[in-house]
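Just so it is clear: chains get the letters A, B, ... in the order the sequence lines come, proteins before strands, and each one is counted from 1.
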Protein chains: 2
Amino acid sequence: MEATKRHRRKMQSVTMMDVAERAQVSPSTVSLYLRKPDAVSATASRAIAEAIDALRYVPNLMAGGLAAASSRAVSVIVPSVRNAFFAETVATMQAELGKERLQVMLGHSEYSEREEENLVKMALSWKPAAVVLTGLSHSATTRRLLKDGNVPVLELWELGREPIDMAVGFYHEQVGSTAATHLVQRGRKRLLFLGARLQEDRRATLRADGFLKTARETEGVSAEIVQHPAPANAAIGAMLLAEAIRKYPDIDAVACSNDHIALGVIFECQRIGVQIPERLSVIGFGDLSFSAACNPALTTIRPPGDLIGTEAARLILDRIHESGRAASSVIDTRFTLLQRQSS
Amino acid sequence: MEATKRHRRKMQSVTMMDVAERAQVSPSTVSLYLRKPDAVSATASRAIAEAIDALRYVPNLMAGGLAAASSRAVSVIVPSVRNAFFAETVATMQAELGKERLQVMLGHSEYSEREEENLVKMALSWKPAAVVLTGLSHSATTRRLLKDGNVPVLELWELGREPIDMAVGFYHEQVGSTAATHLVQRGRKRLLFLGARLQEDRRATLRADGFLKTARETEGVSAEIVQHPAPANAAIGAMLLAEAIRKYPDIDAVACSNDHIALGVIFECQRIGVQIPERLSVIGFGDLSFSAACNPALTTIRPPGDLIGTEAARLILDRIHESGRAASSVIDTRFTLLQRQSS
DNA sequence: TGGGCTTATCATAGCGCTACGATTTAAGAA
DNA sequence: TTCTTAAATCGTAGCGCTATGATAAGCCCA
């Protein structure tokens with residue numbers, strides 16, 4: 001025994017080398033086949049495919065990522081996937097990115113910039129193919145990390161100020177404005193905005209702002225706001241309506257920061273005998289799964305959560321494929337007003 | 001020039017080596033500090049921490065994972081995060097695992113075993129610290145991959161047959177049985193189960209089975225089922241109730257496969273003037289955000305989505321820490337009946 | 001004072017893959 | 001047939017880190 005080996009290591013059962021050997025090609029060719037199948041001849045492709053199958057080869061993406069200095073993971077950070085809006089976008093993105101074998105890494109900021117910053121730091125450790133954030137407000141450190149990180153960055157669900165890199169979403173002030181205009185067109189004069197958790201949900205605040213601004217700029221129309229710091233749900237909605245009627249007995253229309261609130265309003269009106277829409281018009285935001293089935297069916301504004309996801313995925317894939325490009329994109333997905341019975 | 005270097009490589013700006021140099025220790029010590037801070041002296045720790053901070057060092061987890069032959073990623077595969085139940089569990093798991101710097105990699109099977117299999121293959125390429133699946137039904141290949149993969153495996157949200165490795169959840173037949181027993185105790189005799197997408201949602205089917213079995217075993221009680229293949233939502237719920245009343249005019253209680261269906265039932269009853277609970281008792285499943293605020297408030301069974309997430313995270317962390325253990329665990333989280341006005 | 005511990009630190013050999021440039025082969029053109 | 005050019009394929013040096021075992025430094029008690 002000549003050499004006294006001191007080191008030993010566990011290892012992966014089947015490596016690319018094994019595949020190469022069986023297919024009678026070099027490891028480089030196997031690697032090429034896996035990354036760009038078109039660049040490999042039909043003969044080689046067949047042999048490699050057979051070998052992969054026979055050996056049950058599973059590529060090691062950590063090794064690949066290390067060698068390539070970038071991984072096939074996309075870090076997606078949302079306030080919470082418990083929120084149906086973001087769940088829709090995350091689900092759509094995962095489906096689209098999964099087709100190209102990109103992995104979604106999920107993080108929840110819980111509406112905290114501090115937490116978002118931690119998640120971004122963690123994400124960067126993975127050399128992700130892209131980092132996806134929600135909204136346009138981030139800590140200075142987050143911004144710096146992302147700009148220095150030399151990584152495609154997407155900001156979803158909000159348009160307005162300058163994005164770090166790319167953005168897909170819509171203008172929330174416009175949502176509020178559209179709601180106000182709609183109610184006015186329906187002949188309403190005493191408008192009210194019902195909001196929950198506005199201190200944390202910047203986008204809901206923008207909707208409220210747009211609503212109040214547009215309403216107050218209209219001749220002969222008044223607009224007030226009633227809010228609560230708790231997260232939006234139907235119970236809060238019911239509570240808010242009760243409070244609103246106490247404070248402003250003559251209101252004839254309410255816009256809600258989302259459909260959960262609106263659902264609570266509908267229930268509360270049933271209980272206290274307020275007729276919708278005769279006595280009170282109601283408009284929500286979200287078009288959640290129950291909105292069309294309410295009694296009365298809820299007029300609402302539908303944000304395109306799925307479209308945001310597909311567009312985001314498309315931008316990421318574009319960036320990956322034509323890696324040279326630096327064009328920064330902003331996509332306005334718009335939103336849709338769905339008029340139903342409640343207004 | 002002696003050597004003609006042919007190779008060149010881009011690289012990470014700051015590596016562990018840079019940190020080691022600045023802190024006047026070896027790279028090994030830095031690595032140790034990062035993985036087990038307690039094993040490093042206070043002096044060294046301070047110097048390393050300072051260096052990391054000053055250089056803004058970001059560890060490369062791909063390199064770490066490759067060297068360690070396992071990553072700090074946990075692959076979580078759920079039918080869809082659009083479903084509030086799974087969203088709750090995913091969110092909770094991410095929060096718990098994130099504390100220990102584990103990344104959640106998300107996949108959506110869309111209730112397809114074929115798709116789940118693909119996702120598991122992709123997941124395994126990352127050498128995850130654990131693989132988390134939903135339910136106990138998987139393709140044979142999925143099972144084999146996971147067993148050969150030498151990876152901790154968790155199956156959530158369902159108990160019953162033998163798990164691959166560990167399982168956290170509850171018995172869905174028990175849920176159905178509990179619902180039936182409750183309605184009988186409230187004096188109901190003509191029971192009905194309203195279900196959506198039962199062909200795909202195995203767990204909803206188990207609830208239906210448990211419900212029908214228990215009801216039919218009870219003296220003087222009858223039970224029927226009405227279902228629809230579309231995904232559960234309030235509109236389907238309303239439709240199902242209308243159909244149910246047409247088919248079985250004398251029913252006095254309905255159990256719904258989830259609260260979305262129950263919400264539709266409530267709305268439909270309001271429209272057609274059926275009094276809840278006087279004429280008809282209603283019980284749901286899920287305790288969704290609106291359930292307590294309905295009119296009338298909905299009696300429902302609450303599955304502990306958050307508990308499932310925390311318990312799952314705990315099991316994974318336990319496995320990582322005491323890596324020798326092979327004890328396979330099954331945790332029954334139970335569920336809670338919430339009696340409200342609708343029954 | 002020194003032997004036997006424990007504790008802290010270190011040097012080094014890969015982990016499995018991809019990028020790079022070089023080399024071989026195939027296909028046309030002359 | 002030879003030369004040129006394009007298409008396939010190959011050889012190899014790392015990517016940045018961790019596991020391993022070795023060494024050095026403290027510490028206790030005889």
Side-chain angles (χ1 to χ4, degrees), chain A residues 3-21 23-48 52 55 57-72 124-127 129 320 323, chain B residues 3-21 23-48 52 55 57-72 124-127 129 320 323:
Chain A
T4 314
K5 303 267 176 60
R6 304 173 312 157
H7 292 76
R8 205 83 3 169
R9 239 23 179 299
K10 66 210 53 179
M11 52 174 196
Q12 178 162 325
S13 41
V14 181
T15 71
M16 188 178 273
M17 195 109 144
D18 299 320
V19 174
E21 236 159 58
Q24 303 269 41
V25 295
S26 79
S28 306
T29 307
V30 178
S31 172
L32 196 61
Y33 167 80
L34 254 17
R35 287 174 297 115
K36 314 185 173 159
D38 297 340
V40 175
S41 72
T43 335
S45 291
R46 221 172 301 115
I48 294 169
I52 288 177
L55 299 174
Y57 168 64
V58 176
N60 185 330
L61 289 179
M62 319 279 300
L66 176 60
S70 110
S71 76
R72 294 194 69 73
L124 258 16
S125 294
W126 287 96
K127 307 269 162 203
I320 290 174
S323 53
Chain B
T4 314
K5 303 265 177 60
R6 304 173 311 157
H7 293 74
R8 203 83 3 168
R9 238 24 176 298
K10 64 206 59 178
M11 52 174 194
Q12 177 161 327
S13 42
V14 180
T15 72
M16 188 176 274
M17 196 110 141
D18 299 320
V19 174
E21 235 159 59
Q24 304 269 38
V25 295
S26 78
S28 306
T29 307
V30 177
S31 172
L32 196 60
Y33 168 80
L34 254 18
R35 286 174 296 116
K36 311 182 176 165
D38 297 340
V40 175
S41 71
T43 334
S45 292
R46 221 170 303 118
I48 295 169
I52 287 177
L55 299 175
Y57 169 63
V58 177
N60 184 330
L61 289 178
M62 318 280 299
L66 175 60
S70 110
S71 77
R72 295 193 68 75
L124 258 17
S125 294
W126 287 95
K127 308 273 163 200
I320 290 174
S323 54

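Of the listed nucleotides (D:dC10, C:dC10, C:dT18), C:dT18 has the atom at the smallest distance from the side chain of A:Ser31. Considering only the side chain of A:Ala67, D:dC15 comes nearest among D:dC15, C:dC10, D:dG16. Side-chain proximity of B:Ser28 to C:dT9, C:dA11, C:dC17: nearest is C:dA11.
Mapping B:Gln24 and A:Leu66 onto DNA chain C via the closest heavy atom, the residue that lands nearer the 5' end is B:Gln24. Along DNA chain D, the nucleotide nearest to A:Ser26 and the one nearest to B:Val14 differ in position, and the one closer to the 5' end is contacted by A:Ser26.
Within 4.0 Å of B:Pro59, counting heavy atoms only, lie sugar-phosphate atoms of the nucleic acid but no base atom. Residue contacts shown for A:Tyr33 are absent, as no nucleic acid heavy atom lies under 4.0 Å away. Among the heavy atoms of the strands lying under 4.0 Å from A:Leu32 is at least one base atom, whether or not backbone atoms are also near.
Here C:dC15 presents its P atom at 18 Å from CG of A:Leu61, a figure rounded to the nearest Å.
For the pair B:Thr29 and C:dT9, the criterion of a side-chain N or O lying under 4.0 Å from OP1 or OP2 is not met. Phosphate contact (OP1/OP2 of D:dC17, side-chain N/O of B:Arg35, threshold under 4.0 Å): absent. Note on A:Ser41: every side-chain N or O is 4.0 Å or more away from OP1 and OP2 of D:dA8.
With hydrogens and angles left out, the side-chain atoms of B:Ser28 and B:Ser31 include no donor and acceptor closer than 3.5 Å.
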